[in-house]
4 protein chains.
Amino acid sequence: MNNDRLQEASIEGKFERILNAATEVFAESGYHQCPVSKVAQRAGVADGTIYLYFRSKEELLIRLLQERLGDFIRCMRRELSHCKTTEASLRTIVRTHFSYMEKNRLLAMVTRLELRQPNQRVRLAINGPLLDYFSLIEEVVQKGIERKEVPKINLRAARQLIFGALDDATTDWVMTSNPQTLMSGVEPMLTMFKGALRLRKPRGTKQIIALQKREEDGNADS
Amino acid sequence: MNNDRLQEASIEGKFERILNAATEVFAESGYHQCPVSKVAQRAGVADGTIYLYFRSKEELLIRLLQERLGDFIRCMRRELSHCKTTEASLRTIVRTHFSYMEKNRLLAMVTRLELRQPNQRVRLAINGPLLDYFSLIEEVVQKGIERKEVPKINLRAARQLIFGALDDATTDWVMTSNPQTLMSGVEPMLTMFKGALRLRKPRGTKQIIALQKREEDGNADS
Amino acid sequence: MNNDRLQEASIEGKFERILNAATEVFAESGYHQCPVSKVAQRAGVADGTIYLYFRSKEELLIRLLQERLGDFIRCMRRELSHCKTTEASLRTIVRTHFSYMEKNRLLAMVTRLELRQPNQRVRLAINGPLLDYFSLIEEVVQKGIERKEVPKINLRAARQLIFGALDDATTDWVMTSNPQTLMSGVEPMLTMFKGALRLRKPRGTKQIIALQKREEDGNADS
Amino acid sequence: MNNDRLQEASIEGKFERILNAATEVFAESGYHQCPVSKVAQRAGVADGTIYLYFRSKEELLIRLLQERLGDFIRCMRRELSHCKTTEASLRTIVRTHFSYMEKNRLLAMVTRLELRQPNQRVRLAINGPLLDYFSLIEEVVQKGIERKEVPKINLRAARQLIFGALDDATTDWVMTSNPQTLMSGVEPMLTMFKGALRLRKPRGTKQIIALQKREEDGNADS
DNA sequence: TATGAATGAGCTTTCATTCAT
DNA sequence: TATGAATGAAAGCTCATTCAT
């Protein structure tokens, strides 16, 4: 009867409470090391209660990842919808990825661990949101190619580079418990992405060429 | 009682045999899903025998990762020692990473899963080889900067980009069971790396052009 | 929330509804395999409601058996009260046993399973009706002996034979899901019972022959 | 560590020890009421050891019934093979059934409880031995008919009568904890069986014809 | 009365590890 | 060294029962 926690958390529904508790304890010690009873304790509910909301421990993990990743992808898509240029889109991807993970450190930890689940069912269940994210990235590159801002390149390789880099940067940040500096990596990462994609400014006026020049100068030494 | 395996494998020491068996079965279903008895069976030894060579299941995982990653890093270092230019080094990193993983698909699968171990002890133990690899990458970039082939950029971000991209490409390849095409991704990836690092040819015109040419020939069939 | 069932059944009291539901689900999968919640669902009531009518799951089983067996024995006693001769009584026992079980297949299934409860309390509780039935059978035999229709034999053994045979025939019928043929076994069984008891016609010639004829007519369509 | 029991029992193999322990505790409180740990304790082994010999608790029950019933049926068949007449066969059935159950009171208790398992898998698994027993009984009756010792009667009904009566007598004996008197019921039961089957002596001497005549008079008008 | 979410004791089963041989 | 039967702690999960509404 953890009364403190009961009090503090009972405004949320049990479902959310269990999901949050699971995020915490899975982040701490990993899905496999963590008995259901620990999740229950953290959530301030009885062991059996978890099974009123989730069919099994595995389903708890799946729902956790689906809910959280789904939210992340929705957020990412919303932000991207405002972007007019490929550069803006890339910046949004990097910025949103980093800021979201920074705000949801526990989620970052869980995904880092559990996205690589060997378990078939878990992997299939996460594939949806993950492939959505991959599509989002590839679309940005594809549009860049259509707009002639980016030369024709291998979409999949580009996506691997972008996602891999963001993921590894997040992993680094999570592991080194460097608790405020993910966002500071936005510009360096963005600059490298632009270089990797050989991004050029969309055709148009001289203005833009000038602007482009300035930008390159500005980024060159960051 | 697997006599075939016993015969076929008994030239190697028990130690190696167990390590190989563990690589196989951990790759198939993951460290946690895999009972020690399955490793023993695959290795053609008794369950108890494993504990003559490894203190615990965890130590088996640690040694496995240390040995295999160590070998990989040694191999990478050896290859890199021949490279004169940053481009050659980058090409060597991509090519060696991909070819090594392609030749050691099981290792690729195990690392993919277990490099993200939440377990403190395991993580500490594999940090060594992993940081070695990171250093190797960062050195290449650092030298590029010193040689003015690469503008001054954030070393850590560059390393995250390179390692993250290679790792994610490998993950993709492992997951999609696309069994022969990792190496085909070398050039697209390399091109993007060069763009990301804004790699420019080393100063000195003819000499260097000649040198560069030679290197490219040398790497083409390695 | 099974509205159909709620409507259809709400004329009966909750008590009867729960008892009927329990008969159904216990018959399907047995008392132990069957959670209380399944009874509740079938009865169209909440889990908790069951505990307003029955102290425990065990008491539910006890009451179920007591009520149903009680009704069966009352029915049997009523039918027997009309019988003048031992043969008529035996025929009534076989016919009533089979026809009652045929009409209450679910009850037959439950008793088949749960009459053998190892649980002390349950057994004591159902002993009442069961012993009543045994007495009924033994009385018929005893009267036969008194009337000289039956030689002096061991009452208990006779009862075991009669009850055991009827019970096993019913079990057979229940198990083989042969849904209409229990009644067809009346005459063969009766013939054997008469042989086993060495039943002979009561003394008194004409009178009795007439009486006997009437009885047979009376039973023929019952 | 129950050393007494360990000592006393360790001559037998673990398999037999577990089977015996299971027979005891299942007899006491029934399969469902009885945790595996109780079987283990009684057998003087660890809980986990049971799973080295049996895949599951259910398989333990199945094997138990199969082994024990199988032995009983083999014993019955052996005894029957010496019988020349139907009467001898019937007497052997009754005597063997009673004496075997009397010597294996625990088995009698377990079968009484668990032969009526609602569980599909268990039932299917027991069906083999049980149907064997039924066949044995029906064969005896069939041969009696062929030898003209028994009039043409319904085989199945005869078998239900014989098995049902023996089973119920055994149940009675088990329940009333009347620990020495099962065998005393052999003759009364046999007499009834002979009557039920209208058994007549095999053709032969006058004596027998006379005897047979008397018997027929008794039964003739039933 | 009636509800059904919540409880938590208790179950079956797994498996890393030990140790007598 | 090598074995593998035995261990027993610990896990996931079920479900009879309670109680605030």
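In this text, all values refer to a predicted model and were calculated from it rather than measured experimentally. Atoms considered below: every heavy atom in the structure, side chains included; atoms not considered: hydrogens, waters and symmetry mates. Note on naming: letters A, B, ... go to the chains in the order of the sequence lines (proteins, then strands), and numbering restarts at 1 for each one.
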- line: Taking a pair to mean Watson-Crick or G-U wobble geometry with both distances below 3.5 Å, dG12(F) pairs with dC11(E)

Interface residues of residues 49-56 of chain D with DNA chain E (non-hydrogen, below 4.0 angstrom): Tyr51(D), Ser56(D)

statement: The answer to which of Pro35(D) and Gly48(A) contacts DNA chain E further toward the 5' end, by nearest nucleotide, is Gly48(A)

field: Length of the CD1-C1' vector between Ile18(C) and dT1(E), whole Å
entry: 12 Å

message: Is the shortest side-chain heavy-atom distance between His32(B) and Gln117(B) below 4.5 Å?
response: yes

- prompt: Have Asn119(C) and Glu58(C) got a donor and an acceptor in their side chains that come within less than 3.5 Å?
  reply: yes

statement: Of the listed dT17(E), dT12(E), dT3(F), the closest approach to the Ala46(B) side chain comes from dT3(F)

field: Mate of dT17(E) where both pairing distances stay under 3.5 Å, Watson-Crick or G-U
entry: dA6(F)

query: Nearest heavy-atom pair of Arg112(C) and Arg116(D): which atoms, and what distance?
result: O-CG, 3.3 Å

Minimum-distance nucleotide (side-chain atoms of Lys57(B) versus dG12(F), dC15(F), dA16(E)): dA16(E)

query: Only one of Leu64(A), Leu61(A), Ile18(A) clears side chain to side chain contact (heavy atoms under 4.5 Å, CB included) with Phe54(A); which?
result: Ile18(A)

query: For the pair made of CD in Glu59(D) and P in dT13(E), what is the distance, rounded to whole Å?
result: 10 Å

- request: Look at Glu28(B) together with Arg42(B) and state whether they make a salt bridge at an N to O cut-off of under 4.0 Å.
  value: yes

- request: Using only side-chain N and O atoms of Lys14(B), determine if any of them is under 4.0 Å from OP1 or OP2 of dT1(F).
  value: no

- prompt: Val45(A) side chain: which of dA11(F), dT12(E), dT7(E) is closest?
  reply: dT7(E)

field: Spacing between Asn119(D) atom CG and dT12(E) atom P, to the nearest angstrom
entry: 14 Å

query: Rounded to whole angstrom units, what separation is found between the CZ atom of Arg17(A) and the C1' atom of dA5(E)?
result: 12 Å

task: Determine, for Tyr53(C) and Lys14(C), whether the Lys NZ or Arg CZ falls below 6.0 Å from the six-membered ring centre while staying within 45 degrees of the axis.
output: no

- request: May I ask you to decide if Phe26(C)'s main-chain N or O and Lys38(C)'s side chain share a donor-acceptor pair within less than 3.5 Å?
  value: no

- prompt: When the nearest nucleotide of DNA chain E is assigned to Asp47(C) and to Glu58(D) on a heavy-atom basis, which residue is associated with the more 5' position?
  reply: Asp47(C)

Spacing between Gln41(D) atom CD and dC11(E) atom P, to the nearest angstrom: 12 Å

message: By nearest heavy atom, map Val36(C) and Gln33(A) onto DNA chain F; which one lands nearer the 5' end?
response: Gln33(A)

